[in-house]
Amino acid sequence: PTEPPSPQEHGLDFQRLLDASTYKEMFRQDMIRWGEEKRQSDPGFFCRAAVEGALQPVWVVSDTRRLSDVEWFRDAYGDVVQTVRVVASEETRKRRNWVFVTGVDDAESECGLDQGVAFDWVITNDGDEVALGEQLEMLVQSLHRSL
């Protein structure tokens, strides 16, 4: 069997994998399977990759997908970790061209943090730029106070 694609290992167009394009969808399930295999052999693989070389007093790790990721950061950094969940309604997501795909959007990689995490912050991103800006400003102010 061939190994599922990873951008670096298989010459994929990383930028095109970041959007909701057909290109991304062609490789999405394979990317999820590749990620699962990496996590099974080393649960901290992606977490360590995210923090490698990070020297700033505050930095953001975006897009954690699993409870094990959150637990890794809490174990490694303790009380300084702030968890942030960004949510959007299903209606908003559909306006942004999201289409539910069985076996992908109900997999742990997409909904593994829907339960079991008490997020420090929940940011709503339904297209109201003013509301989004106000929420982000509150988060940034809180981070500044904790420095």
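Distance CD/Glu108 to OG/Ser68: 6.5 Å, rounded to 0.5 Å.
Proximity of Arg74 to Thr83: side-chain heavy atoms (C-beta onward) are separated by under 4.5 Å at one or more points. When side chains are defined from C-beta on, Trp72 counts as touching Arg48, because their heavy atoms get closer than 4.5 Å.
Leu113 approaches Val70 most closely through the heavy-atom pair CD2-CG2, 4.0 Å. The two atoms that bring Gly103 and Ala107 nearest to each other are O-CB, 3.9 Å, heavy atoms only. When all heavy atoms of Arg96 and Ala88 are compared, the pair lying nearest together is NH1-CB, 3.7 Å. Across every non-hydrogen atom of Val81 and Asp120, the tightest pair is O-OD2, 3.7 Å.
Around the CG atom of Asp114, the shell of radius 6.0 Å holds more than 12 heavy atoms that belong to other residues, nucleotides or ligands.
Using modelled atom types, no side-chain atom of Arg85 and backbone atom of Val117 make a donor-acceptor pair closer than 3.5 Å. No donor-acceptor distance shorter than 3.5 angstrom exists from the side chain of Asp42 to the backbone of Arg39, with no hydrogens or angles considered. Between the Gln135 side chain and the Thr124 main chain, a donor and an acceptor come within less than 3.5 Å of each other. Panel note: side chain Asp69, backbone Arg65; a donor-acceptor pair is recorded below 3.5 Å.
The aromatic rings of Trp98 and Phe100 lie perpendicular to each other, with more than 60° between the two planes, well past the 30° mark.
Residues passing the side chain to side chain contact (heavy atoms under 4.5 Å, CB included) test with Gln40, sequence neighbours excluded: none.
Note on Phe119 and Leu67: same hydrophobic cluster, where clusters join Ile, Leu, Val, Met, Phe, Trp and Tyr whose side-chain heavy atoms are under 4.5 Å apart, directly or indirectly. Hydrophobic clustering, with ILVMFWY side chains joined whenever heavy atoms are under 4.5 angstrom apart, keeps Val130 apart from Leu136.
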Please table the atom pairs, donor to acceptor, closer than 3.5 Å between any side-chain atom in residues 138-147 and protein atoms at least two apart or in another chain.
from   : atom 1 : to     : atom 2 : distance (Å)
Gln141 : NE2    : Glu137 : OE2    : 3.0
Ser146 : OG     : Leu143 : O      : 2.8

